[in-house]
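Step one of this worksheet: look at the structure below.
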Amino acid sequence: MRLDPRPGERIDRSEPIRFTFEGKLVEGFAGDTIGSALYAGGRRVFSRSFKYHRPRGLLCCSGACPNCMMEVDGVPNVRVCVAPAHEGAVVKAQNVRGSLERDLMAATDKFGGPFTPVGFYYRTMIRPRAAWPLFEKFLRSAAGLGTIDKHARRTGRYDVEHRHADVLVIGGGSAGLEAARAAAASGEHVVVVDENAPRGDAPGGLELLAPATALGIYEGGLVPVAAGRILYKVRAKRIVVATGALEQPVIFPGNDLVGIVLPEAVRRLVHDFSIRPGEKAVVLAADDDALAIADDLRDAGTQVLEVVDLRNGPHRISASGTKGRLNGVGVEGVRYNCDLVVASGGRQPAYSLLAQAGATVAYDEGRGVFVPRDLPANVEAVGSVTGEGTGSIAPAKTLLGDKTFVCLCEDVTEKDVKRAIAEGFDSIELAKRYTTVTMGPCQGRLCHLASVRMYARETKQGEDAIGTTTARPPWSPVELGLLAGRPHEPGKRTSIHHRHKEAGATMMWTGSWRRPHSYGDPAAEARAVHESAGLIDVSTLGKLVVRGPEAAVFLERIYPNRFADLKPGRIRYAVLGTDGGRIMDDGTVARIDDETFYVTTTSTGAEGVIEWFEWWNAIWKLDLSIVDVTGAVAAVNLAGPQARELLGPLTDVDLAPDAFKYLDAKQGKVAGVPTLLLRIGFVGELGYELHFPSPHGETVWDALAATGATPFGLEPQRILRLEKMHVLIGQDTDSESNALEASMPWIVKFEKDEFVGKWALEHVQERGMRDRLVGFEMQNGSVPPEGGAVVRDGRLAGRVTSARFSEQLGRAIGLAWVPEELAVEDADITLRVSAGLERAKVRLRPFFDPEGERLRS
Amino acid sequence: MSFLLACPNCGPRDVNEFHCQGEVTIRPKASPSRRELSEYLYFRRNVAGVQREWWYHRMGCEAWFLAERDTRTNEVLSTELPE
Amino acid sequence: MSLSLDFLSPALGEPAPRSPLARALARSGIRDLSLDYGVLDARGDLTGHPMEGVEVVRLSPERSFVLCPYRDAPGLREWLEGRGVAAIDASGGYAGLEVEGEAVMRRLTELPLDRCPAVGAVGHVATLVLRDGDRFRLFFRQEYADYMGERVLDALEGLA
């Protein structure tokens with residue numbers, strides 16, 4: 001019940017707030033949490049436990065324990081004891097079938113059966129195997145906390161914001177604020193993170209993030225801080241951890257009954273929300289602060305029946321209740337009828353963030369708690385997290401009774417822990433995984449110390465020998481939406497992208513680029529290239545200018561083929577290899593002048609090639625510069641027998657066959673735009689690759705499209721290049737492929753003194769070829785799957801890397817890796833197609849226009 | 001990983017702005033034997049401790065530099081542009 | 001006819017260049033700088049070459065970005081080359097926009113905003129950031145124009 005107005009209360013009685021719980025109206029005030037409003041309205045049962053579905057009520061009232069988790073506005077697992085009440089909130093109980101008072105699943109508590117013991121899922125429901133689908137269905141619905149709407153759409157925003165600070169103070173208690181003030185006074189920029197809603201303004205000179213939770217301390221002083229729907233990524237030079245200490249529950253039979261609370265719950269209910277926590281209370285405590293809670297209770301009108309100082313030796317304690325609610329507690333044989341027990345086994349430093357940051361954790365024999373030691377650089381600890389003023393007592397003497405809970409999150413009892421030890425799980429890390437103690441929502445806040453103690457006692461070792469489990473982030477549960485942030489992906493688009501969309505292209509990802517797969521009819525698009533002319537946007541090609549007195553020397557060294565003898569105005573195909581002789585990329589090199597080369601790379605390999613070039617020159621230090629102009633230059637390939645006549649009217653460049661030959665580079669204007677024209681033929685027809693400044697992308701494309709050339713996408717391009725047996729790096733080659741076995745021996749100039757990969761390729765040549773990349777032609781029309789098997793004598797002998805049906809050729813063709821001895825024109829090979837095997841003939845020369853007459857025309 | 005790396009050109013930045021090329025290796029001078037080549041290509045010291053590495057600042061100045069990093073702690077002891 | 005690198009210079013084209021950000025920023029009120037600035041990617045020592053109306057951002061001892069009026073890029077490039085500085089006209093490669101306020105920048109980048117100009121990750125994309133008081137000019141590769149436009153507008157919406 002609500003007390004008369006009190007000084008310092010957080011609630012504003014002039015501003016009522018109304019929300020619903022399970023459809024019923026709940027009234028509270030501004031400043032209330034959902035939990036405090038419910039408690040003031042008389043609700044005591046807040047949840048049903050994870051495994052046994054036992055009634056649970058407020059325990060910590062400070063966001064540490066799992067007892068008050070509810071679904072709020074569709075979001076599961078909200079700790080309502082700290083979630084601010086807001087008008088119109090829709091609050092529901094979770095982990096319940098029926099109601100909180102009558103939960104059908106509570107049978108698991110009464111009858112136990114296969115669900116009771118720890119580790120049951122490792123042992124039971126294994127047989128009969130056929131029944132597993134049934135078991136699984138049941139288990140899946142019974143397991144987990146809360147439910148999520150699988151069809152829910154993103155609601156609202158989650159944002160990420162970056163912050164830099166000289167000092168980040170985690171914890172806004174007295175020690176934290178003192179440290180913050182001192183740092184601010186010396187002129188440092190200080191950010192303070194506190195879990196509680198701020199009271200009034202932040203102290204001068206400090207930036208306060210509250211209510212907010214520091215989720216972890218990462219390398220480089222990075223601390224992600226969850227504050228509602230914003231994740232602050234704070235980068236601090238110095239981090240001060242002032243997370244304080246956590247009140248520890250007392251372990252005794254019936255210790256999970258509704259009405260058994262930690263002192264902090266009383267402090268908050270009374271002082272923040274002006275609520276009388278109960279009518280009759282017993283206080284069991286192990287430190288002066290907690291013992292003093294009796295005064296707060298009396299102040300709130302609660303009758304205090306007894307105050308027991310647990311430091312005076314072990315006590316026999318056991319609580320009893322009806323329907324899960326406390327009705328009395330026995331201490332050393334004396335029974336007190338009460339509805340409230342405030343029990344505290346002392347305070348354990350909240351060291352998790354420090355441990356996770358790299359501090360070691362040691363058992364402090366004197367205080368009976370674990371304390372952080374050997375803090376990492378730039379991380380400090382102040383206040384009770386250091387152990388100062390903390391202490392904890394050993395658990396109460398064990399009484400018989402199996403409802404002694406060590407871990408409330410996962411419903412693990414003392415009996416379960418003993419059983420795990422008896423089964424041989426004698427290391428705390430193993431026991432954690434087996435029993436799941438500390439793995440629930442409280443992340444060990446209320447169960448870690450108790451479980452370590454129990455282990456120590458049962459295995460007759462000291463707590464220091466048992467040690468602690470590894471602390472890992474996040475320190476508090478965090479919404480996945482917060483980690484996901486905004487739904488943007490840095491995709492690249494060419495300057496002509498929107499023209500493709502307008503033309504109805506189906507777009508696809510190639511690396512981080514968006515490219516047209518086709519404009520609706522790949523076969524027709526390929527046909528247009530063969531019969532008239534096609535137009536494809538190849539702006540995604542990597543493009544770099546290599547320039548300087550030693551540019552030619554550089555290219556000679558980095559590529560296996562020759563470039564020193566390449567004449568200005570000429571183009572050469574280039575395959576880039578690693579020092580291991582593996583193919584990493586391919587493209588073309590055009591010589592602009594003596595000292596300038598224009599290099600193209602594959603679309604997805606561009607960034608890697610540029611890094612590769614820069615890296616080698618960081619070592620060689622040749623006099624040249626490498627400039628990435630990938631985005632600066634748009635490129636369009638106009639290809640087909642009519643390419644010349646269509647392009648002619650748009651350009652001042654002489655396109656006559658004898659003036660502009662195959663593998664010539666020319667410059668001029670196309671549609672008024674300065675353009676480098678490269679006569680190359682990836683798709684096997686007469687073609688001009690036009691390179692011009694990106695801001696003119698649409699202009700040039702529009703002009704070319706207006707000539708009647710048919711836009712074609714990547715899929716028709718793949719058919720066309722396959723007809724020419726042109727290799728697609730990364731599709732037909734992998735990280736093991738070398739140029740010799742990829743059937744490009746002419747690219748490797750062993751006579752050069754040196755080039756990257758020379759030594760490895762010499763070794764390949766010495767040992768002889770093992771596999772070869774060859775063409776194949778299916779004997780019937782079926783198209784084998786890419787990645788499909790080449791089969792010989794019933795065994796895997798190679799694999800298909802590309803396969804398409806070519807309308808132009810009227811048959812299915814492809815490329816495959818086969819054993820060297822099968823790399824012979826007309827050799828018979830067998831390929832797996834669907835379930836069966838199909839025959840194919842090996843081809844070593846291009847399927848289409850093997851003499852290259854069309855692209856030279 | 002979120003450690004900071006001081007780019008010799010740009011100053012300290014989050015490690016995700018960079019690409020690590022791995023430990024510095026020594027390329028054979030003249031035509032190596034098969035064994036020497038294999039060692040150069042495939043064998044790494046992979047030390048648990050301080051190692052010299054190549055890094056590339058792909059989100060910044062696009063320069064390669066060398067860093068000394070403790071592989072156990074990700075502490076970066078020094079960075080420098082190649083000589 | 002011998003070849004040159006003229007095909008890199010959008011300002012040499014007769015038709016009007018189009019901004020890669022035109023669609024993304026349409027009706028947004030965000031200032032599109034893409035066609036205001038020419039960008040030269042210069043290698044060499046620029047200190048001995050005082051240039052008016054030009055901003056030089058040094059990336060490394062060898063490399064600088066030179067920002068100039070869009071139309072001036074080809075001429076400036078020639079001028080620099082005449083003085084032994086290797087420069088490439090990268091104007092077509094960069095899109096630019098201007099945003100106001102540290103708040104939106106904090107939603108986009110971890111870069112220390114008191115240390116501009118700088119090149120670093122903004123919205124996960126390498127970006128040149130120039131700061132004038134509370135205004136930030138961002139230049140990034142034009143292929144990210146749609147993405148960055150969307151990203152910046154979204155960040156502003158989140159703050160509204």
Side-chain angles (χ1 to χ4, degrees), chain A residues 162 164 215-224 233-237 357-358 376-378 473 490 544 557 577-582 606-608 610-621 625-628 630 735 738 750 753-767, chain B residues 1-6 8-9 11-22 24-43 52-67 69-77 79-83:
Chain A
H162 298 273
H164 290 270
L215 299 173
I217 298 176
Y218 292 82
E219 290 168 330
L222 179 71
V223 179
K233 289 189 175 174
V234 184
R235 191 71 88 156
K237 296 194 182 94
N378 307 320
L544 34 165
R557 278 209 209 170
T578 65
D579 238 351
R582 321 293 191 186
E607 283 159 22
I610 289 152
E611 285 186 27
W612 181 251
F613 276 25
E614 295 276 10
W615 183 62
W616 280 99
N617 208 43
I619 298 166
W620 292 337
K621 296 275 177 201
S625 64
I626 299 153
V627 182
D628 177 11
T630 300
S735 60
N738 62 67
F750 284 115
D753 281 347
E754 67 158 317
F755 62 86
V756 173
K758 185 183 182 190
W759 305 319
L761 288 168
E762 282 171 346
H763 286 303
V764 172
Q765 203 182 32
E766 231 177 86
R767 71 144 155 85
Chain B
M1 279 196 304
S2 66
F3 63 94
L4 296 171
L5 204 61
N9 293 319
R13 295 288 176 82
D14 183 286
V15 63
N16 292 301
E17 285 202 358
F18 303 88
H19 167 227
C20 181
Q21 176 90 334
V24 173
T25 53
I26 298 162
R27 193 166 186 252
K29 290 264 184 288
S31 198
S33 70
R34 190 165 290 203
R35 182 175 187 83
E36 285 162 349
L37 184 64
S38 290
E39 271 176 25
Y40 158 61
L41 291 174
Y42 307 116
F43 287 73
R52 246 169 103 72
E53 299 168 335
W54 280 108
W55 287 81
Y56 180 72
H57 195 185
R58 62 190 173 93
M59 287 281 182
C61 60
E62 295 174 330
W64 284 98
F65 62 93
L66 295 156
R69 180 179 65 101
D70 191 323
T71 60
R72 296 162 301 182
T73 60
N74 277 339
E75 189 191 349
V76 180
L77 288 84
T79 54
E80 57 172 353
L81 292 171
E83 281 295 303

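- Residues B:Trp55 and B:Leu66 form no side-chain contact, since every pair of their non-hydrogen atoms from C-beta on lies 4.5 Å or further apart.
- The contact between B:Glu83 and chain A is made entirely by backbone atoms, counting heavy-atom distances below 4.5 Å.
- The side-chain heavy atoms of B:Tyr56 and A:Ile610, taken from C-beta on, include a pair separated by under 4.5 Å.
- Contact of A:Glu762 with chain B is made through the side chain alone, with heavy-atom distances under 4.5 Å.
- Using a 4.5 Å cut-off between heavy atoms, B:Pro28 contacts chain A through both its backbone and its side chain.
- Residue B:Ser33 touches chain A through its backbone alone, counting heavy-atom pairs closer than 4.5 Å.
- For A:Lys233, no part lies near chain B; criterion is any non-hydrogen pair under 4.5 Å.
- Here the side chains of B:Trp64 and B:Trp54 are in contact, with some heavy-atom distance below 4.5 Å.
- The candidate with the highest count of non-hydrogen atom pairs below 4.5 Å against chain A, out of B:Pro32, B:Pro82, B:Pro12, is B:Pro32.
- Taking the ring axis of A:Trp616 as reference, the NZ or CZ atom of A:Arg557 does not stay both within 45° of it and closer than 6.0 Å to the ring centre.
- A salt bridge between B:Arg58 and A:Glu614 is absent, with no side-chain N of the basic residue lying under 4.0 Å from a carboxylate O of the acidic one.
- Residue A:Ala760 touches chain B through both its backbone and its side chain, counting heavy-atom pairs closer than 4.5 Å.
- Under the rule for a ring-ring contact (aromatic ring centres under 6.0 Å, His included), the partners of B:Phe18 that lie at least two apart in sequence or sit in another chain are B:His57, B:Phe65.
- A donor-acceptor distance shorter than 3.5 angstrom exists from the side chain of A:Asp579 to the backbone of A:Gly757, with no hydrogens or angles considered.
- No donor-acceptor pair closer than 3.5 Å links the side chain of A:Arg235 to the backbone N or O of A:His162.
- The side-chain contact (heavy atoms from CB on, under 4.5 Å) test with B:Arg69 is passed by exactly one of B:Thr79, B:Leu77, B:Asn74: B:Asn74.
- For residues 34-42 of chain B, heavy-atom neighbours of chain A at less than 4.5 Å comprise B:Arg34, B:Leu37, B:Tyr40, B:Leu41, B:Tyr42, sorted by residue number.
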